[in-house]
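A quick note: this is a predicted structure, and the numbers were derived from the prediction, not measured. One is the number of the first residue; the rest follow in order along the sequence.
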Amino acid sequence: MLRVGSDFSGVGAFNQSLMRLGVEFEEVFACDMDKYARDTFIHNYGEPKYYPTNVYDREIPSDSLDIYMTSPPCQAFSLAGKRLGKDDKRGVLFFNSHEFIQVNKPRFFIFENVKGLLSDDGGKTFQEWVNMLGGKSVNGLPVLFAHDDAVPYHVYWKVLNAKHHGVPQNRERVFLIGIRDDSDNHFQFPREEHLSKRLKDVLENDVDDKYFLSAERIQYLIRHDANKNILTEDIPNESKTCIACYYKQPRDCQYLKIKSATAKGYEEAREGDSINFSVLSSETRRGRVGKGVAQTLDTGCNQATIDEFRIRRLTPRECFRLMDFPDTFTWKVSDSQAYKQAGNSIVVNVLYKILKQLPL
């Protein structure tokens, strides 16, 4: 039986991947400070034997774990955020995870974070992480002069995109895999695969009216053709009206024109595409349309899709499907909390495929 533990456990993507792997495991501890994420975690898996709220108060078990999973908050390094890096208190939580590895000496560890970590402070932040985690080798190359505080592990790192691993979401995350020096240290990241599942395959039927965008929001999104602007009040109050009819879109109704700072001034969105509707007032935003896939889900999950030429927001269930959680996974929190939990999580299939590559 594998002994596992996780910091920043969220709603249990690590648990889901272990369950999918079909291995027996003992959850020595989980740790998360978000009360709503904890509620969802307990609702789905039961309460762990040891479930602290703060990594700085969390005791480090004396017996080595088989797998330690950690995903320090990514907002400090995210391209979508302020990118304060180590100046943001969340950006120094890495060192707490590093201390855990120093003391507990797990057989394997897995770090997950945003791709923006690679370029923070000109790449120095990520290099520091690698130097301190990979005291023996990095991506198969031996370390000749290890950092004074380096742990004796063989580290492999790579940016993986969920859409290359069976999930229709364009989500790039950097993974660092550590293997203790006394274990078989050969590791290869999972191979990319052709994406057969598309966004349309995860959409629900009969979605509640509350998820359809208001006329006011649509007014910001849709590109108005010259001399054909209309006022918001010209659109019927029924938000499920066929938008193409009121915005003078192509008569064949093959696509909607989504405003974008491109040469054409718009991007074409068809049924089965995703539409990002965050910061609707922006005049410089581009890349709002995901072709057949969702764009990266964040904590707001401000993404929509075209439903019979009506624009509606993705539902919480659809967002969790885009994180590859099964429909057996449920929650009792509000929609806003569910969106936050999905956006903060890890794509289950990516984590599962990494675990399959470990010599457990």
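- For the 3.5 Å distance criterion, the side chains of Asn131 and His147 fail to qualify, holding no donor opposite an acceptor.
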Check: Do Asp182 and Arg180 pass the salt bridge (charged side-chain N to carboxylate O under 4.0 Å, His left out) test, and can you show the C-alpha distance, the side-chain angles, and the key distance before you say yes or no?
Finding: CA-CA 6 Å; Asp182 61 333; Arg180 201 170 60 195; 2.7 Å; yes
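- Considering Val11, Asn15, Val348 in turn, Val11 is the only one that fulfils the side-chain contact (heavy atoms from CB on, under 4.5 Å) rule with Phe329.
- Side chain of Lys259 to main chain of Tyr220: a donor-acceptor pair is present (N/O by atom type, distance under 3.5 Å, no hydrogens or angles).
- Atom NZ of Lys124 has 12 or fewer heavy atoms from other residues, nucleotides or ligands within 6.0 Å.
- A salt bridge does not link Asp201 with Arg321: none of the charged nitrogens is closer than 4.0 Å to a carboxylate oxygen.
- A single hydrophobic cluster is not seen to contain both Ile177 and Leu133; linkage of ILVMFWY side chains at heavy-atom distances under 4.5 Å, directly or through other members, places them apart.
- Ring-centre distance between Phe41 and Tyr51: below the 6.0 Å cut-off.
- The closest side-chain heavy-atom distance from Lys136 to Asn185 is not below 4.5 Å.
- Ring geometry for Phe109 against Tyr153 counts as tilted: the plane angle lies between 30° and 60°, on a 0 to 90° scale.
- The shortest distance between side-chain heavy atoms of Lys340 and Tyr36 does not fall below 4.5 Å.
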Next item on the list: Let me see the working for His43 and Asp39 under side-chain contact (heavy atoms from CB on, under 4.5 Å), right down to the final yes or no.
Entry: CA-CA 6 Å; His43 176 65; Asp39 288 345; over 6 Å; no
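- Note that CZ of Arg171 is 14.0 Å distant from NZ of Lys163, once rounded to the nearest 0.5 Å.
- Counting only N and O atoms by type, the side chains of Asn276 and Asn302 include no donor and acceptor under 3.5 Å apart.
- Taking every heavy atom of both residues into account, Ile306 and Ala269 meet most closely at CD1-O, 3.2 Å.
- Checking Thr53 against Arg38 by side-chain atom types alone, no donor-acceptor pair falls below 3.5 Å.
- Listed for the Glu318 side chain is a donor-acceptor partner under 3.5 Å among the backbone atoms of Thr315.
- Salt-bridge check for Arg3 with Asp66: failed, with every basic side-chain N at 4.0 Å or more from each acidic carboxylate O.
- In this structure, Arg313 does not pair ionically with Asp335, as no charged nitrogen and carboxylate oxygen lie closer than 4.0 Å.
- Around the CZ atom of Phe25, the shell of radius 6.0 Å holds more than 12 heavy atoms that belong to other residues, nucleotides or ligands.
- Glu99 and Tyr56 share no donor-acceptor pair across their side chains, judged by distance under 3.5 Å alone.
- Contact check for Phe8 versus Glu112: no side-chain heavy atoms found under the 4.5 Å cut-off.
- Within a 6.0 Å sphere centred on CZ of Arg20, other residues, nucleotides and ligands contribute more than 12 heavy atoms.
- Note that CZ of Arg173 and CG of Asn113 are 8.0 Å apart. Values are rounded to the nearest 0.5 Å.
- Using modelled atom types, one side-chain atom of Gln303 and one backbone atom of Thr296 make a donor-acceptor pair closer than 3.5 Å.
- In this structure, Gln102 contributes its side chain and Val151 its backbone to no donor-acceptor pair below 3.5 Å.
- Hydrophobic clustering, with ILVMFWY side chains joined whenever heavy atoms are under 4.5 angstrom apart, keeps Phe14 apart from Ile60.
- Panel note: side chain Ser64, backbone Lys105; a donor-acceptor pair is recorded below 3.5 Å.
- Residues Tyr352 and Gln16 are not in side-chain contact: their nearest non-hydrogen atoms beyond the backbone lie 4.5 Å or more apart.
- With Trp157 as the fixed residue, the ring pair (Phe, Tyr, Trp, His ring centres under 6.0 Å) test singles out one of Phe126, Phe111, Phe189, Phe187: Phe126.
- Around the NZ atom of Lys35, the shell of radius 6.0 Å holds no more than 12 heavy atoms that belong to other residues, nucleotides or ligands.
- Here the CG-CD distance, from Leu160 to Glu192, works out to 8.0 Å after rounding to the nearest 0.5 Å.
- Classification of the Trp129-Phe94 ring pair by plane angle, with boundaries at 30° and 60°, yields parallel.
- Put simply, CG on Leu199 and CG on Leu314 are 6.0 Å apart, with the number rounded to the nearest 0.5 Å.
- From Phe175, atom CZ reaches atom OG of Ser71 across 8.0 Å, with rounding to the nearest 0.5 Å.
- A donor-acceptor distance shorter than 3.5 angstrom exists from the side chain of Gln169 to the backbone of Leu322, with no hydrogens or angles considered.
- When the side chains of ILVMFWY residues are joined at heavy-atom separations under 4.5 Å, either directly or via intervening members, Val279 and Leu221 end up in two distinct hydrophobic clusters.
- Checking side-chain atoms of Arg288 against main-chain N and O of Ser278 turns up a donor-acceptor pair under 3.5 Å.
- Proximity of a side-chain donor or acceptor of Ser345 to a complementary backbone N or O of Ala342 within less than 3.5 Å is not detected.
- No chain of hydrophobic side-chain contacts below 4.5 Å, direct or via other Ile, Leu, Val, Met, Phe, Trp or Tyr residues, connects Phe325 to Val293.
- Cluster membership check: Met69 does not share its hydrophobic cluster with Val28, using side-chain heavy-atom separations under 4.5 Å among Ile, Leu, Val, Met, Phe, Trp and Tyr.
- Checked by atom type and distance alone, the side chain of Asn104 pairs as donor or acceptor with a backbone atom of Leu65 at under 3.5 Å.
- A heavy-atom distance below 4.5 Å is found between the side chains of Ile67 and Leu360.
- At distances below 3.5 Å, not a single donor-acceptor pair connects side-chain atoms of Asp7 with backbone N or O atoms of Cys31.
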Margin query: As a quick check of understanding, evaluate side-chain contact (heavy atoms from CB on, under 4.5 Å) for Asn139 and Tyr156, giving each step before the final call.
Written below: CA-CA 4 Å; Asn139 281 350; Tyr156 298 81; 3.8 Å; yes
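- For residues 140-150, no pair satisfies salt bridge (charged side-chain N to carboxylate O under 4.0 Å, His left out), with sequence neighbours left out.
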